[in-house]
Amino acid sequence: MIEDFVKETLSQDVGRGDLYALVEPSVAASAKIIAKSDGVMAGVMYCDILAKLENFSIAWNKNDSQSFVKGDVIATLSGTSHVLLRVERTFLNMLLHASSIATLTKKYADIIEPYGVKLLDTRKTRPLLRNFEKYATRCGGAVNHRMGLDDSLMIKDTHLKTIKDLKSYIQAARKKIPFTAKIEVEAETLLIAKEAFEAGADIVMCDNMTPLEVQEVLKYRDANFAHILIEASGNISLETIQSYAKVGVDAISSGALIHQANWIDLSMKMD
């Protein structure tokens, strides 16, 4: 899947061929990838496949999940001039996109690390880029939430509108979904959370609750259903995530890790 993704990405950029190569002969060449801003590395796995496909070599000075600062030489590329110039934008786009997500994710992860709370991403990814973007959040210190509807059964507020009896639904679901699949119920109030606990959910997501409201859910959980996990979600930001981690949830999910990531600055310079 990764190789197909890299091939298609390069094909989109090259089209029917690099017009530059029609004019200038190819010679042995090398280039450096230079950080023009601070960040966290992601994309090495994808760039290595590009190098294999296009027959050039990469000497990495930074690996996935490692931090870098402005001015660092992240990697040195060696090959022919035609190849290096052809892959330049594809190489940088993959590295920039992934590293930008990893860089923002690391900021979130660092804030909640002292509290032992897991940081989760969401399915709010760009179309056809889910595997790539979730790989990037892992490089930044997050744990992947479900990759798709087939990973686990999440019952959201929209689902609850169609379910007459949550407990009966969950009992029926246990007989049909894979044995290892968990059931998570989204709750916007303490009342809905209590219903989810009673119905037998494995995870209760406190969606768009305040930290104080989440704390009430936790108190009820601890007193009655200590085995059930609690996830906080909904408009989680760098400014608010610590207040949710402090109350003692098991995990915090945020789509912002991906959709709010601003591109860092990397460039390729031919030697």
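Numbers here simply count residues along the sequence, with the first being 1.
Using a distance-only test at 3.5 Å, with no hydrogens or angles considered, no donor-acceptor pair links the side chain of His97 to the main chain of Met94. Remark: the backbone N or O of Glu24 is paired with a side-chain donor or acceptor of His82 at under 3.5 angstrom. Listed for the Thr103 side chain is no donor-acceptor partner under 3.5 Å among the backbone atoms of Gly39. Panel note: side chain Arg146, backbone Ser152; a donor-acceptor pair is recorded below 3.5 Å. Remark: side-chain polar atoms of Lys134 are paired, donor with acceptor, to backbone N or O of Thr122 under 3.5 angstrom. When atom types are taken as modelled, the side chain of Arg86 and the backbone of Asp18 share no donor-acceptor pair closer than 3.5 angstrom. A donor-acceptor contact shorter than 3.5 Å links the side chain of Glu186 to the backbone of Asp157. In this structure, the side chain of Thr125 does not engage the main chain of Glu133 through any donor-acceptor pair within 3.5 Å. The backbone N or O of Glu188 lies less than 3.5 Å from no partner atom in the side chain of Asp207, so there is not a single donor-acceptor pair. Not one N or O on the side chain of Ser78 forms a donor-acceptor pair closer than 3.5 Å with the backbone of Ser57.
Nearest approach of Ile264 to Ser99, heavy atoms of both residues: CD1-CB, 3.6 Å. When all heavy atoms of Leu84 and Gly79 are compared, the pair lying nearest together is CD1-N, 4.1 Å. In this structure, Cys139 and Val40 approach most closely via the heavy-atom pair O-CG1, 4.1 Å. Taking all atoms of both residues into account, the shortest heavy-atom contact from Ala136 to Ala42 is CA-CB, 4.4 Å. Of all heavy-atom pairs between Val117 and Ala245, the closest is CG2-O, 4.0 Å. Minimum heavy-atom separation, Ser67 to Lys62: O-NZ, 3.3 Å.
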**Request:** Show your reasoning for whether salt bridge (Lys or Arg N to Asp or Glu O under 4.0 Å) applies to Asp110 and Lys106.
**Result:** CA-CA 6 Å; Asp110 284 348; Lys106 182 67 160 55; 3.0 Å; yes
**Request:** Would you sort out whether Thr137 and Asp121 count as a side chain to side chain donor-acceptor pair (under 3.5 Å), showing the intermediate values?
**Result:** CA-CA 7 Å; Thr137 67; Asp121 53 27; 2.7 Å; yes
**Residues Ile74, Ile34; criterion side chain to side chain contact (heavy atoms under 4.5 Å, CB included); working and verdict** = CA-CA 6 Å; Ile74 291 174; Ile34 300 171; over 6 Å; no
**Request:** Quick one: do Val204 and Leu229 satisfy side chain to side chain contact (heavy atoms under 4.5 Å, CB included)? Show the steps, please.
**Result:** CA-CA 6 Å; Val204 172; Leu229 299 174; over 6 Å; no
**Request:** Evaluate the criterion side chain to side chain contact (heavy atoms under 4.5 Å, CB included) for residue pair Ile170 and Ile155; output intermediate values, then yes/no.
**Result:** CA-CA 10 Å; Ile170 289 179; Ile155 304 169; 4.2 Å; yes
**Request:** Verify side chain to side chain contact (heavy atoms under 4.5 Å, CB included) between Tyr244 and Ile112, making sure each step is shown before the conclusion.
**Result:** CA-CA 9 Å; Tyr244 286 94; Ile112 66 174; over 6 Å; no
**Prompt:** What's the verdict on side chain to side chain donor-acceptor pair (under 3.5 Å) for Thr240 and Ser243, showing C-alpha distance, side-chain angles and the deciding distance?
**Reply:** CA-CA 6 Å; Thr240 64; Ser243 62; 5.3 Å; no
**Candidate pair Asp64 and Tyr135, rule side chain to side chain donor-acceptor pair (under 3.5 Å), full reasoning** = CA-CA 10 Å; Asp64 279 346; Tyr135 148 76; 2.6 Å; yes
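Residues Ser233 and Glu231 bring no donor and acceptor atom of their side chains to less than 3.5 Å of each other. No side-chain N or O of Asn61 forms a donor-acceptor pair with one of Asp72 less than 3.5 Å apart.
Shown here are the side-chain contact (heavy atoms from CB on, under 4.5 Å) partners of Gln12, two or more places apart in sequence or in another chain: there are none.
A 4.5 Å side-chain heavy-atom check between Asn262 and Leu104 finds every atom pair outside the cut-off. Contact of the Ile258 side chain with the Arg126 side chain is registered, since non-hydrogen atoms from C-beta on lie closer than 4.5 Å. Contact annotation: the side chain of Lys36 never approaches that of Leu266 to less than 4.5 Å [non-hydrogen atoms, C-beta and beyond]. Side chains of Asp38 and Phe68 form no contact here, defined as non-hydrogen atoms less than 4.5 Å apart. You'll find the side chain of Val143 stays beyond 4.5 Å of the side chain of Arg138, heavy atoms only. Between Glu184 and His145 there is a side-chain heavy-atom pair separated by less than 4.5 Å. Residues Phe5 and Ile49 form no side-chain contact, since every pair of their non-hydrogen atoms from C-beta on lies 4.5 Å or further apart. Using a 4.5 Å cut-off on side-chain heavy atoms (C-beta onward), Val6 and Leu53 make contact.
The distance from atom CE of Met45 to atom CG of Asn63, rounded to the nearest 0.5 Å, is 11.5 Å. Here Gln242 contributes atom CD and Tyr108 contributes atom OH; the two are 13.5 Å apart, rounded to the nearest 0.5 Å. A distance of 5.0 Å separates CH2 in Trp263 from CG in Leu96, rounded to the nearest 0.5 Å. Here Gln215 contributes atom CD and Arg221 contributes atom CZ; the two are 12.0 Å apart, rounded to the nearest 0.5 Å. With values rounded to the nearest 0.5 angstrom, Ile111 atom CD1 is found 8.0 Å from Glu239 atom CD. The OG atom of Ser267 lies 7.5 Å from the CG atom of Leu92; values are rounded to the nearest 0.5 Å.
Residues Tyr46 and Ile101 do not share a hydrophobic cluster, clusters being chains of Ile/Leu/Val/Met/Phe/Trp/Tyr side chains in contact below 4.5 Å. Tyr20 is connected to Phe56 through a chain of hydrophobic side-chain contacts under 4.5 Å among Ile, Leu, Val, Met, Phe, Trp and Tyr, so both are in one cluster. Ile177 and Met154 are assigned to two separate hydrophobic clusters, defined by single-linkage of ILVMFWY side chains at heavy-atom distances under 4.5 Å. Placement of Val44 and Val73 in two distinct hydrophobic clusters is found when ILVMFWY residues are connected by side-chain heavy-atom separations under 4.5 Å, directly or transitively. No continuous path of ILVMFWY side-chain contacts below 4.5 Å connects Met205 to Leu120, so the two sit in separate hydrophobic clusters.
Within 6.0 Å of the CG atom in Leu22, the count of heavy atoms belonging to other residues, nucleotides or ligands exceeds 12. Open room surrounds CG on Asn235; 12 or fewer heavy atoms of other groups in view lie less than 6.0 Å from it.
A cation-pi arrangement is absent between Lys246 and Tyr115, since the terminal nitrogen or guanidinium carbon is not both under 6.0 Å from the aromatic centre and inside a 45° cone about the axis.
Between Arg174 and Asp202 there is a salt bridge, since a side-chain N of the basic residue sits under 4.0 Å from a carboxylate O of the acidic one. A salt bridge links Asp271 to Lys32: at least one charged side-chain nitrogen sits closer than 4.0 Å to a carboxylate oxygen. The pair Lys7-Glu3 meets the salt-bridge criterion, with a side-chain N (NZ, NE, NH1 or NH2) lying under 4.0 Å from an Asp/Glu carboxylate O.
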